[in-house]
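In each ligand, atom 1 is the first atom listed, and ligand 1 is the first ligand listed.
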Amino acid sequence: MNKVKGADIVVKSLVEEGVTHVFGYPGGVVIALFDRLYDEKSIRFILPRHEQAAAHAADGYARATGKVGVCIATSGPGATNLVTGIATAYMDSIPMVAITGQVKSTLIGNDAFQEADMIGITRSITKHSYLVKDVEDLARIIKEAFYIARTGRPGPVLIDLPVDVLLKETEFKYPKTVDIRGYNPTYDGHIGQIKKLAKAIAKSKRPLLYVGGGVILSDASKELTKLAHSTGIPVTLTMMGLGAFPGDDPLCLGMLGMHGTAYANHAVQESDLIISIGSRFDDRVTGRIDDFAPHAVVAHIDIDPASVSKNVQVDIPIIGDAKTVLKELNKSVKKTDLSAWHAKIEKWKKDFPLRYKDDDKLRPQYVIEQIQKITAGKDVIISTEVGQNQMWTTQFYKFEHPRTWVSSGGLGTMGFGFPAAIGAQLGKPDSIVFDIAGDGSIQMNIQELATAVIEKIPVKIAILNNGYLGMVRQWQELFYKRKYAFTVLAEDNARYCPDFVKLAESYGAKGIRVTKKSEVVNAIKTAIKTDGPVMMDFIVEREENVFPMVPAGESISNMLHGLA
Ligand SMILES: Cc1ncc(C[n+]2csc(CCOP(=O)(O)OP(=O)(O)O)c2C)c(N)n1
Ligand SMILES: [Mg+2]
């Protein structure tokens, strides 16, 4: 019998799972594990400069590829630094396995050096977690962790590994199957319910598909597109759903909700049949819940039974995998006459287009439009930070394909975009990867410039530099009488604090400053042509706002439109 250390078992198990990229940061209790990882040639190990970035990079990798992202940190502060990244992945149902070192089993609970109770800390932000107590359980636990992370409604799973377990020896046998009591996600929808939905579609005069990230997670874009095209039902997408249906399709209404398009929100409010697929009626989508879709029969297709009728009472629930259910539904639907509905929507599109002031000032929306134009037809992945930069991207970038949009939805994590872009680029080396950033958010994980330069990860950062924590400033402008309490990052006389160009250069990346509209196209083209990472600093109009906007807690019928 050939005995190996727990550390070997972890690495061999990762190889069995087909893991090719691991994002991690070392420390005392995981030295044995890193020692083995160092020798494993089939795994590329990426050393970020902060554990939070390891988690976000693993997450970005998972979003771009559909595979399980893996991150590793040492016990105590290393592990707690992962927390924001784990919570971010949890809120957006991203498959991830986070491995944390733990102090020696016999010291747990002793306030040992660098001890943190990671199981306790992450209980509400993981799909499941394991404290490994016996090396004999290790391979089975890793197998289960990957299985749980990627099946059903995906999510992060934590494995907490005491140092002594990593050092103990046993035989390595990777289980072929898993058998987890009480965990059996339902994939096939109930046939009777699917028939009921088909009938409702046949009867409906104003149907609307309301599509969330679940469609991307279940790889159901083709089936969704087929449903929309064969029935003529228009499609609106949540932020997480962007890319599930082509943004330039005539049936696409773009995003709904707080910063959604006016035509999407009007369509929801007048619809007589809302078909929600893989979306969870988040408050940013529904606005005031008792006035959401007041005339509609609501159908909801979702793999997570806990999401159904949680916020909005559902008339036709279908528990199952989006792809499997849509395949079945597509067998029993046909085109109905929706011409009056289409005409109504066309009128809204004409009356309330997305727009911004098209003058000679450098406006952030223009930058986003140019990124789209210049990269048209190429493989592009766009990540964003959080704030106005993110919302303008949802509005002005028309995502065509699933897994080309990487952004923190549920948690809204500033500092996510750049490390996530690094992960996405590693997963999709042939894509052009942009992080559309805010000047506030980018500073939350700016240290990853080192990772990008040293690992030769050619992410293009486009900072929409408004000198403000812009989204919060926008709320202050609209609802707090322009009292900009602690949202000013840089007054006009300190616009370059930090000087992002010099900062990029100090890391060995290329920095480009853009102060005029006429320089935008050239800067983007130069960035794309440059081999390594590039940081573009667009000095944009300071007080540009994101419109339309539904004020928090109001009905989505009550949109502020901004421009007169
Ligand atoms: C980690 C974190 N802290 C605070 C917030 C609250 N918040 C949301 S948007 C925002 C402003 C972001 O500023 P910036 O990155 O410059 O983007 P802008 O809105 O100006 O485009 C803040 C502070 C958050 N979402 N995440
Ligand atoms: Mg800003």
* Asked: Just checking, K517 and Y366: is the charged tip under 6.0 Å from the six-membered ring centre and within 45° of the axis?
  -> yes
* Please confirm whether F45 and F23 have ring centers closer than 6.0 angstrom. => no
* To do: Measure the distance from atom 17 (O) of ligand 1 to every protein heavy atom, then report the residue, atom name and distance (to 0.1 Å) of the closest one.
  => N389 ND2, 3.0 Å
* To do: Quick one: report the N, O or S atom of D439 that is nearest to the Mg ion (ligand 2).
  => OD1
* To do: Indicate if the distance from the Mg ion (ligand 2) to the nearest N, O or S atom of N466 falls below 2.8 Å.
  => yes
* Pull out every atom of ligand 1 sitting under 4.0 Å from any heavy atom of M471, numbered as shown with elements. => 9 (S), 19 (O)
* To do: Could you tell me which atoms of ligand 1, counted from 1 in the order shown, lie closer than 4.0 angstrom to a heavy atom of G387?
  => 9 (S), 19 (O)
* Q388 backbone or side-chain N/O/S under 2.8 Å from the Mg ion (ligand 2) -> no
* Structure fact -> Numbered in order shown, the ligand 1 atoms found under 4.0 Å of a heavy atom of G440 are 14 (P), 15 (O), 16 (O)
* Mind telling me whether F292 and Y210 have parallel, tilted or perpendicular rings, with 30° and 60° as the class edges? => perpendicular
* To do: Not counting sequence neighbours, which residues clear side chain to side chain donor-acceptor pair (under 3.5 Å) with E477? List them please.
  => R473, N545
* Asked: Within 45° of the six-membered ring axis of F500 and under 6.0 Å from that ring's centre, is NZ or CZ of R513 located there?
  -> no
* Structure fact -> If we number the atoms of ligand 1 from 1 as shown, the ones under 4.0 Å from a heavy atom of G470 are 13 (O), 18 (P), 19 (O), 20 (O)
* Asked: With only distance considered, is V472 within less than 3.5 Å of ligand 1 through an N or O on each side?
  -> no
* **Those atoms of ligand 1 less than 4.0 Å from some heavy atom in D439** => 16 (O)
* Kindly confirm or rule out an N or O of T413 lying under 3.5 angstrom from an N or O of ligand 1. => no
* Asked: Which ligand 1 atoms, with their elements, are less than 4.0 angstrom from a heavy-atom of G438?
  -> 14 (P), 15 (O), 16 (O), 17 (O)
